[in-house]
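First up is the structure itself, then whatever we jot down about it.
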Amino acid sequence: MTALDKALVAPKNLNEDELAKMLASTDEGLWREIFAAAREVKAKCGKTEVLPRGLIECSNVCAKNCLYCGIRKGNDKTVRYRMPEEDVLGCINEVRRRGYPAVAFQAGEIEGEANTAYYERHIAMCRGLEVTLSLGEQTEEVYRRWKDAGAMRYLIRIETSNRELYAKIHPAECSFERRLGCIRMLKRLGYVTGSGVMIGLPGQTIDDLAHDIVFYGDENLDMVGMGPYVAHPDSLMPDSRYQLPTTNYQLSLRMIALTRLYLWNVNIVAATALEALDPENGRRRGIDAGANVIMPNLTPEKFRVEYDLYPGKVKT
Ligand code: 5AD
Ligand code: SF4
């Protein structure tokens with residue numbers, strides 16, 4: 001039986017080695033089969049329908065300095081904003097007008113009472129909508145308060161499941177252990193929990209990416225959101241590069257397909273960064289590769305231009 005046949009028998013029926021071998025393949029014919037198999041599994045799990053979640057980037061204020069990120073604290077070219085409540089309400093109304101069932105609040109990572117209360121108020125404005133949060137590392141108390149306010153999902157990317165690579169792309173004060181602890185805490189608190197990685201980071205290998213997929217399974221994630229790494233001109237990243245078999249864009253589509261084949265019944269987001277690299281087709285190709293969630297960006301333009309995580313993200 002080939003690895004691909006095995007993958008179609010049951011979830012988690014591939015090991016890390018098999019995932020790495022598939023990921024390293026340059027056989028276009030094999031990749032066509034893998035993408036078709038990912039769609040087959042998606043249909044088998046009843047996930048053919050594309051689920052929209054209206055994305056609101058509430059603030060680009062961030063206390064962290066992740067080396068790769070355009071809105072990291074130390075980038076003084078970024079003009080900081082926090083959306084006034086009436087603008088947030090306008091976005092929520094747009095979600096309702098479009099008939100989307102769900103809204104997602106995303107922002108730079110900050111902690112503190114004012115921040116906690118700001119999102120409690122937003123969540124309270126969302127009656128009848130499902131609320132996803134993407135607000136980074138917080139204390140258990142804060143996650144609990146947002147859950148009590150009505151939030152049901154939380155997305156927090158681990159960025160890479162390789163601890164050494166994590167340490168290379170973050171300043172010393174960022175802790176892999178704390179981030180992983182947050183993912184586990186969110187699960188324990190009953191959030192529908194999602195995580196994911198960046199694909200094609202300098203220093204990242206195929207084995208790292210195969211391990212990321214196994215990590216998603218080991219942590220029992222309900223959702224996966226991952227996308228290509230895109231170098232930002234104001235980043236502090238080391239520029240050492242390993243030879244990956246294809247572009248970050250192609251590799252991201254392949255990661256989506258293999259994640260679908262490995263986990264089967266999860267929600268996978270067709271990441272915005274796919275669109276940054278392929279504005280015409282990125283989203284659709286993510287769906288064709290096995291994703292089933294899209295997050296159309298509803299942030300008003302005047303704020304959106306400052307939510308500049310990576311080049312190509314902000315479309316004008
Ligand atoms: N390229 C791709 N994704 C990035 N992110 C931040 N910077 C970049 C970049 N240069 C992603 C991270 C983070 C999310 C907010 O944006 O995965 O979790
Ligand atoms: Fe802040 Fe997130 Fe960017 Fe890190 S990746 S600097 S936490 S917005």
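For ligands, and for the atoms within them, numbers begin at 1 and follow the listed sequence. Heads up: numbering here begins at 1 and tracks the sequence.
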Around [atom], find the nearest protein heavy atom and jot down its residue, atom name and distance.
atom: atom 4 (C) of ligand 1; result: M198 SD, 3.4 Å
atom: atom 1 (N) of ligand 1; result: V230 N, 3.0 Å
atom: atom 1 (Fe) of ligand 2; result: C62 SG, 2.2 Å
atom: atom 3 (Fe) of ligand 2; result: C69 SG, 2.3 Å
atom: atom 7 (N) of ligand 1; result: Y68 CD1, 3.3 Å
atom: atom 4 (Fe) of ligand 2; result: C66 SG, 2.3 Å
atom: atom 18 (O) of ligand 1; result: E159 OE2, 2.5 Å

Under 4.0 Å from ligand 1, counting heavy atoms only, is it the side chain of Q106, its backbone, both or neither?
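Answer for Q106: neither.
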
Can you tell me which portion of P228 lies within the under-4.0 Å heavy-atom range of ligand 1? Options are side chain, backbone, both, or neither.
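Looking at P228 and ligand 1, just backbone atoms fall under 4.0 Å.
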
Could you name the option among E109, R157, H232 that has the heavy atom nearest to atom 11 (C) of ligand 1?
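Closest candidate by heavy-atom distance is R157.
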
Among H170, E109, E159, which residue places a heavy atom closest to atom 7 (S) of ligand 2?
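Result: the heavy atom closest to atom 7 (S) of ligand 2 is in E109.
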
Go through ligand 1 atom by atom and flag the ones less than 4.0 Å from a non-hydrogen atom of C69.
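Atoms satisfying the 4.0 Å criterion: 7 (N).
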
At a 4.0 Å threshold, what atoms of ligand 1 neighbour a non-hydrogen atom of L309?
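Taking each heavy atom of L309 in turn, ligand 1 has 7 (N), 10 (N), 15 (C), 16 (O) under 4.0 Å.
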
Examine all N, O or S atoms of C174, backbone included, and report whether one is under 2.8 Å from atom 4 (Fe) of ligand 2.
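No, C174 does not qualify, because none of its backbone or side-chain N, O or S atoms lies under 2.8 Å.
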
Donor-acceptor pair, distance only, cut-off 3.5 Å: does the side chain of [X] make one with the backbone of [Y]?
X: S195; Y: I156; result: yes
X: D222; Y: T193; result: yes
X: E109; Y: E137; result: yes

With the side chain counted from C-beta on, respond yes when [X] and [Y] share a heavy-atom pair under 4.5 Å apart, and no when they do not.
X: Y262; Y: Y216; value: no
X: I268; Y: K47; value: no
X: R283; Y: L274; value: no

Hey, is CZ on R127 packed in by over 12 heavy atoms from elsewhere, all under 6.0 Å?
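Atom CZ in R127 is not packed in, count stays at 12 or less.
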
Parallel, tilted or perpendicular: which fits the ring planes of Y166 and F176, with parallel below 30° and perpendicular above 60°?
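Aromatic pair Y166/F176 classed perpendicular.
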
Applying a strict under-4.5 Å side-chain criterion to I, L, V, M, F, W and Y, I'd like to know whether Y81 and L55 cluster together.
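Shared cluster, no.
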
Within a distance under 4.0 Å of any heavy atom of [X], pick out the atoms of ligand 2 and give their elements.
X: R72; answer: 6 (S)
X: K64; answer: 6 (S), 7 (S)
X: Y68; answer: 5 (S)

Do any nitrogen or oxygen atoms of Y229 come within less than 3.5 Å of a nitrogen or oxygen of ligand 1?
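N/O-N/O distance below 3.5 Å does not exist for this pair.
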
How about N297 and E57: does a side-chain donor come under 3.5 Å of a side-chain acceptor?
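Present: a donor and an acceptor within the cut-off.
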
Under a 4.0 Å heavy-atom limit, does I71 contact ligand 2 with its side chain, its backbone, both, or neither?
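Side chain only.
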
H122 and Y118: aromatic ring centres closer than 6.0 Å?
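That pair passes the under 6.0 Å test.
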
Is the positively charged end of R53 above the ring of Y100, judged by distance under 6.0 angstrom from the centroid and angle within 45° of the axis?
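The answer is no, since R53 fails at least one limit relative to Y100.
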
